[in-house]
Amino acid sequence: MKELAQGENNFVIPPVDMSVERSHGSLTTWYVNLALFFAGLILNSLAYVSVLPVAAASFFFAIGWVLLLVIGWGGEWEKMIYLRVFLVGWVAIGIAGVYVEILLDQLQLYSDAGGFFDLVRGATSGQSIEEIRDFTEGALAVLFWREVYDFFATLGFPKERYIGVLVNVEAVSLSAVFALRMAQSIYGQDEQRFRRLILMFTWCGLYWLFAGIHLRDGLVLLVVVASMWIWLWYLKNPNLGIRLWALVGCSLMAGSTLTFLRTEFYFVPLALGVSGVTALIFRGDRQRMSLGSKLALLLGLLVVIAGIVWTWETLVGTLGRGAEAYLDLARTQSDPDSLGMALIVEQPLPIRLVLGTIYLYLFPIPFWSGFQLDSAYALFKSFNVLFFYVLIPLLVMSFVKLWKDPIQRTPAQLFLLFTTIGFSVAIAATSLESRHLGSFLVPVFLLALLPRLSEQKVRQAYFQLTIVFLLGIELGHFVWILLQA
């Protein structure tokens, strides 16, 4: 009770009957879920001219549902977010399927997505993970997809894209469950915040992209989010016991896994370690640390410093090569007079870090550039930036609250803050690819849950800030139109 009294996250149940509101909300939720199911059914039937995608999706959904029950995560809200995110992914598969099967989406046919699809259909048959790495750094994703394709082939399914992207949908859906568990750990049983989190996953265009297109990002997301969850679990009670050993084991496993999914992400567990140790050092909630916690902090600090020193040369080399590769790609694919190239990509590193970080959350400009029939990839990104327009004001309010109120600066909240800032800046310094940001959006979502929108004063402040922000976005688009003219 003392801990609850110290923070703002405690809540008092209002002295009114909430059963009618809950019943109405539940009914609305099921209407939305049914609409998503039938929308996905129509789109996938149109794209693949078959009912087999429904059968495959049902199989994947059942596997995830049973898994949640087996591990004890089968609560009402866990099942609710899993169902919603799976159905959103089902629709995303249908949209991407229409683009690639009917509109002949070139990015899905011939870029990374097309390359992965070709590899898993037979180009790597019988090859080991090391042999597959000669073709792609995402060897583990290819190996896993290949096994899933082969399994479904034994059941009589053709090796169509929907099989591989259903793996991605499953990964994104399970990542959403991890996110909900983290929200429960930080905010308690706050149903309004849970609903907000579900809405975030519903409208996030980057997660539509992760689910619907044959790329490895969904699998990367699952590993990253699971690693964040184990860190938040540890930060609730840092000590030298079983939690520490579980954290170390999971971090080593995550690092090894990410090495075979996206090579430059092998540093993610170390970066999470930096965020976790720093969060414990700068905590502002004034709670006393036990001797075990202090020893764990000291040990963690030494391990992080040793890890940075040991991997520094390799890390700088890997990130540097990645940055050069993405810069060359941007130069070849961008217009010679591109404002993004001139104002951000070609700028010195300090300017690029600041402007590039902002750019990641505002790309594309103009937002309507992806509303066309050429690429589902671009379409999902354009929808995503519209979602970011309503997310960013919440994030700003969270930053302000953490700055003003030391009680809110718990290790968990600081961990979310440092991971959000750290990974955003790292991506701005290297690829400047908003798709890569999607792997680290869960801490952004959890931070954006901090403002209590159930309070009228907070809700009004959010609406006012959103209006001002949208006016700024409108002005930015107007300037872009003038510069283009």
Side-chain angles (χ1 to χ4, degrees), residues 36-61 85-124 135-136 138 141-142 144-146 148-150 152-153 157-173 204-221 329 333 364 368-385 433-436 438:
L36 289 171
F37 171 75
F38 283 110
L41 178 63
I42 293 170
L43 289 167
N44 279 285
S45 299
L46 182 64
Y48 296 103
V49 197
S50 171
V51 296
L52 289 179
V54 184
S58 300
F59 180 86
F60 276 100
F61 179 81
V85 176
F86 195 96
L87 289 173
V88 170
W90 170 238
V91 174
I93 290 177
I95 295 172
V98 169
Y99 267 80
V100 68
E101 299 293 336
I102 299 176
L103 302 176
L104 301 180
D105 183 343
Q106 298 299 295
L107 283 175
Q108 291 193 69
L109 286 172
Y110 301 111
S111 66
D112 286 349
F116 283 131
F117 185 50
D118 291 338
L119 287 173
V120 300
R121 283 196 303 173
T124 60
F135 298 96
T136 173
V142 171
F144 186 64
W145 277 323
R146 188 184 72 190
V148 173
Y149 273 98
D150 289 345
F152 274 89
F157 285 79
K159 292 186 177 181
E160 298 281 0
R161 278 183 176 81
Y162 62 82
I163 302 256
V165 289
L166 277 169
V167 173
N168 298 349
V169 171
E170 188 70 68
V172 176
S173 302
C204 180
L206 285 179
Y207 289 155
W208 302 355
L209 190 158
F210 282 17
I213 296 182
H214 210 302
L215 295 167
R216 56 193 156 163
D217 298 279
L219 296 171
V220 173
L221 172 69
L329 183 64
Q333 294 185 350
W368 59 79
S369 62
F371 296 145
Q372 31 74 14
L373 299 178
D374 295 332
S375 168
Y377 186 97
L379 177 70
F380 292 154
K381 279 195 170 184
S382 282
F383 274 111
N384 184 75
V385 79
E433 167 60 70
S434 59
R435 175 166 60 90
H436 295 166

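The two residues Asn168 and Phe210 make their nearest non-hydrogen contact at CB-O, 3.2 Å. Closest heavy-atom contact between Val120 and Arg146: O-CG, 3.8 Å. The nearest pair of heavy atoms linking Ala113 to Leu215 is N-CD2, 3.6 Å. Counting all heavy atoms, side chain and backbone alike, Tyr162 lies closest to Ala56 at CE1-CB, 4.0 Å. The minimum heavy-atom distance between Asp374 and Asp105, with the atom names listed, is O-OD1, 3.3 Å. The shortest heavy-atom contact between Val91 and Ala39 is CG2-CB, 4.3 Å.
Between the CD atom in Glu433 and the CG atom in Asp217 there is a gap of 8.5 Å [rounded to 0.5 Å]. The distance from the CZ atom of Phe59 to the CZ atom of Phe152 is 5.0 Å, given to the nearest 0.5 Å. Residue Tyr377 holds its OH atom at 11.5 Å from CD of Gln108, rounded to the nearest 0.5 Å. Here CG of Asn44 is found 6.0 Å from CD1 of Ile93. Values are rounded to the nearest 0.5 Å. If you take CD on Glu160 and CG on Leu52, they are separated by 9.0 Å, rounding to the nearest 0.5 Å. In this structure, Leu206 CG and Asn384 CG are separated by 3.5 Å, a value rounded to the nearest 0.5 Å.
Just one of Tyr99, Tyr110, Trp145 meets the ring pair (Phe, Tyr, Trp, His ring centres under 6.0 Å) condition when paired with His214; it is Trp145.
Counting heavy atoms from C-beta on, the side chains of Phe60 and Val148 come closer than 4.5 Å. Here the side chains of Ile95 and Leu379 are in contact, with some heavy-atom distance below 4.5 Å.
Remark: Phe144 CZ is loosely packed, at most 12 non-hydrogen atoms of other residues, nucleotides or ligands lying under 6.0 Å away. More than 12 heavy atoms of other residues, nucleotides or ligands lie within 6.0 Å of CZ in Phe371, so this atom counts as buried by the packing criterion.
The distance between the ring centers of Phe380 and Tyr207 does not fall below 6.0 angstrom.
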Let's go through Lys159 and Asp150 carefully: what are the C-alpha distance in whole Å and the side-chain angles of both, what is the deciding distance for side chain to side chain contact (heavy atoms under 4.5 Å, CB included) to 0.1 Å, and is it a yes or a no?
CA-CA 8 Å; Lys159 292 186 177 181; Asp150 289 345; 2.9 Å; yes
Starting from the C-alpha separation in whole Å, work towards a yes-or-no answer on side chain to side chain contact (heavy atoms under 4.5 Å, CB included) for Glu101 and Tyr48.
CA-CA 7 Å; Glu101 299 293 336; Tyr48 296 103; 3.7 Å; yes
Side chain to side chain contact (heavy atoms under 4.5 Å, CB included) between Val169 and Trp90, worked out
CA-CA 7 Å; Val169 171; Trp90 170 238; 5.8 Å; no
